[in-house]
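Taking it in order: structure first as structure tokens, then the write-up.
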Amino acid sequence: MTRTDDRKEADDTGPSGYAAARLHLLNEGVRSGPPRRTALAGLTDDWLTGLFTAAAPAARGISLVAVGGYGRGELSPRSDLDLLLLHDGSDPAAVAALADRLWYPVWDLGISLDHSVRTPAEARKTAGEDLKVQLGLLDARHLVGDLGLTAGLRTAILADWRNQAPKRLPELQELCAERAERHGELRFLLEPDLKEARGGLRDATALRAVAASWLADAPREGLADARRRLLDARDALHLVTGRATDRLALQEQDQVAAELGLLDADTLLRQVYEAARVISYAGDVTWREVNRVLRARAVRPRLRAMLGGGKPVAERSPLAEGVVEQDGEAVLARTARPERDPVLPLRAAAAAAQAALPLSPHAVRRMAATARPLPTPWPAEAREQLITLLGSGRPTVDVWEALEAEGLITRLLPDWERVRCRPQRNAVHVWTVDRHLIETAVRASALTRRVSRPDLLLVAALLHDIGKGWPGDHSVAGEIIAKDVAARLGFDRADVTVLATLVRHHLLLVETATRRDLDDPATVRAVADAVGSESTLELLHALTEADALATGPAAWSTWRGSLVTDLVRRVSAVLAGEHPGTEPEPAAPTAEQERLAIEAHRTGGPVLALRAQAEPGPPEETGEPLGVELLIAVPDQPGVLPALAGVLALHRLTVRTGGLRTLRLPDDVDDDGSVLLLDWRVAAEYGSLPQASRLRADLVRALDGSLDITGRLAERDAAYPRRRGRAAPPPRVTVAPAASRHATVIEVRAQDAPGLLFRIGTALEKAAVRVRSMHVSTLGANAVDALYVTTGTGAPLPGEDAASVARMLEETLRE
């Protein structure tokens, strides 16, 4: 039926003509979505126009105005009518009589009516006192009567809104936050309120209001389509229930899905969740921009006075290679070239999350449009940046959302598409599958000090439920996917096997602990056989806790935790005899290492070599080397470790892996001589790598005491503003029992930071402890260091002394 046909059927201005035309339109199968809403609004316009004209054919100084959703022309089948009878105040009696002629026919049809009768001055006064009234008037649309009266009010309301925006927008943001607190997050609710929940239709309307203020604007990409999907779902809900409801109840979801032509209720919820995700992200970006503009306006007069009227230049401080902080956001540096740097999206995301900063939507959009795909397998830097991002705690969520908004996540991890916005019809779960995976990584980031491989814990957290996008047992499907993803990320075969085991058995501990007899040796043996090693058991224990905490309040308790801990203790006892810890045998020195050692002995000073370590793969895919191998030989003497670590920190070099050992010189050189040999892999935080000659010169000065490393590092830290960052888990220093017959093994697990190794080395020097060998690794943002230490005579530390050194070192790192 066309608009003309609708009008013909509604020619009678009484309720019956409109009711028949309305019923016909709503039962018509041809039109749905925006065309039906537009047609219903037009039909209603014609009917109300007829009522107005019949009651006041020659009325002057009076107009009928649609406001709110009706003003936008968005009438759902059971929407109420928001109407304003606007008048100039010249004839109150006539206005009252006209109002009765308009309102009663609407009530007679059982249609909800939100009505008011005001002069323009009264409307503006009420809008100034009631934010909700002002929001409704922003969408005012003339229906019939004095057009000039309506146009004058619209102009005045918009002018008031723009003039008062610095005051009203914070009120609107607070209103949105309060509503979100009451109704929850639409995209995670099994029975969401399509209008009131966060990410719903109210928030979409708020974004329109912000845009009307001219102070900021929402990201437009996908926003109109998201709004349309929610409106379509509400239309179907009204038709299915016959009620003016916005809550998508479980018992009605299948019927609503069928009304929309969708496969099932899960497909419906995924569409609704995706729409809510777009609106929520647009809201986050918009309110952040509003607050930035308001802060700038408040500060600008003072800055102008201080700078003599000149325009201040926004401060930019470096975060990582190609990434800087500006105006409270992580943005791309002017020299950044996403088209040449495929790791940049992950590096920018990791830097933003570590600094607890939002990732600029403009930067994300640019990277999504221009960044090249990563090679397969990923280069080491890309894998490390992903791990750093996953280990950044709560800030990971917002940064991940920013990448998701521009499609970067599914580009990096194609398997993510199947779990994105996927509902979980289980009352225990409070999140969709994708958000649950990120929440698990957030929880796991607080447990990284409990495991020797935090990188595997964080990646397992991200992947443990990835199989829920496939039919069958999600653990079985997830194991297959995890193997593929882990290999694509560049993990070696052993690590791929561990990750696959963690995903396959991520429910094993909690299910066994709560459903099996732990006193039965067969139960413990079965778990030990499935896990295979103590290191994997350690990871699985942490993953189990993180998974449960990220599921919801009902999934974890002190009782469950104690049962799982008891099971882990029993399984660990079984595995302990099979995998005793032993000190790794040092490999024989290479010809280059031996050459450097001889030269260091001959010159009496440090000798070093830098050797580029490019990732494997075709040259056109590897780009610049991601790090260098730093070989150093230095005569055995006190203070080498803190000196070298301090020099590397001064040159902004990050230690990825590192080893220290004593190398005996060949008998024909010196039958009783030894040299310290350090073999480290380092990378520049940003900028180019320093020359080997500069490193050697500074190392010589550090060893002879003429370079004040502590003072230089303190000066550099003071030169940069202190960022909020995330509250990293506290460092943990332990003594590994029976790990070596020749030395005491002290394990340090801490947040990687500039100068960390320098602080560790300095503390051990003060404790008169000698570092016999060292195994350093940086896994994302986590440092995991094993230090083999002895007394000055070369013997392992006595038990009490070892514990005292560990406590001292942990206290030092906590400062």
Side-chain angles (χ1 to χ4, degrees), residues 216 219 281 284-300 302-303 307 311-338 341 343-368 370-371 381 384-403 405-406 408 445 649 651-654 683-688 713-728 751-756 780-781:
Y281 175 71
D284 291 341
V285 171
T286 302
W287 288 120
R288 191 163 70 238
E289 178 65 11
V290 166
N291 291 324
R292 186 193 67 80
V293 171
L294 292 180
R295 283 195 305 271
R297 287 189 174 187
V299 172
R300 194 172 296 145
R302 297 197 301 272
L303 283 177
L307 299 173
K311 184 177 180 181
V313 178
E315 182 181 354
R316 297 167 69 91
S317 57
L319 293 173
E321 181 68 32
V323 190
V324 299
E325 176 185 355
Q326 179 178 331
D327 286 335
E329 288 185 327
V331 305
L332 297 186
R334 295 185 181 95
T335 57
R337 296 292 181 267
D341 187 356
V343 183
L344 183 58
L346 283 169
R347 191 187 310 121
Q354 282 287 299
L357 293 170
L359 190 54
S360 162
H362 304 291
V364 180
R365 197 170 302 121
R366 180 184 168 196
M367 292 187 293
T370 61
E381 187 197 1
E384 289 163 0
Q385 297 295 351
L386 174 65
I387 292 162
T388 300
L389 170 61
L390 295 176
S392 297
R394 187 56 51 189
T396 298
V397 176
D398 291 338
V399 173
W400 193 272
E401 289 291 338
L403 298 179
E406 297 296 336
L408 279 168
S445 70
H651 286 272
R652 298 187 183 279
L653 292 175
T654 299
E685 291 180 27
Y686 36 80
S688 57
L713 288 174
E715 287 176 9
R716 193 182 69 188
D717 290 343
Y720 289 93
R722 185 175 296 275
R723 299 188 182 92
R724 293 169 295 160
R726 66 176 279 259
Q751 183 81 355
D752 187 37
L756 174 65

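Computation of the quantities below employed the complete heavy-atom set of this structure, encompassing side-chain atoms and omitting hydrogens, waters and symmetry-equivalent molecules.
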Minimal non-hydrogen separation, Met367 against Pro345, with atom names
SD-CA, 3.5 Å
Contact check, side chains of Pro361 and Arg288, non-hydrogen atoms, under 4.5 Å
yes
May I ask you to test the Gln385-Glu381 pair for a side-chain heavy-atom distance under 4.5 Å?
yes
Once rounded to the nearest 0.5 Å, what's the spacing between atom CZ of Arg337 and atom OG1 of Thr370?
10.0 Å
Measure across Leu332 and Ala363 and return the closest heavy-atom pair with its distance rounded to 0.1 Å.
CG-CB, 3.8 Å
So, do Ser445 and Thr396 sit near enough that their side-chain heavy atoms are less than 4.5 Å apart?
no
Considering the options His362, Glu325, Arg316, which one meets the side-chain contact (heavy atoms from CB on, under 4.5 Å) requirement together with Val331?
Arg316
With a 4.5 Å heavy-atom cut-off, do Arg716 and Pro754 have their side chains touching?
yes
To check you understand the geometry: which heavy-atom pair defines the closest contact between Leu389 and Ala353, and what is its length?
CD1-CB, 3.8 Å
Please report the closest heavy-atom contact between Glu289 and Ala216, naming both atoms and the distance.
CG-CB, 3.7 Å
To the nearest 0.5 Å, tell me how far Glu715 CD sits from Leu713 CG.
9.5 Å
Inter-residue atom distance Asp398.CG - Leu403.CG, 0.5 Å rounding:
11.0 Å
Closest heavy-atom contact between Arg366 and Ala336?
NH2-O, 3.0 Å
Are side-chain heavy atoms of Val323 and Leu344 found at a separation under 4.5 Å?
yes
Considering all heavy atoms of both residues, which atom of Arg365 and which atom of Glu406 are nearest to each other, and what is their separation?
NE-OE2, 3.6 Å
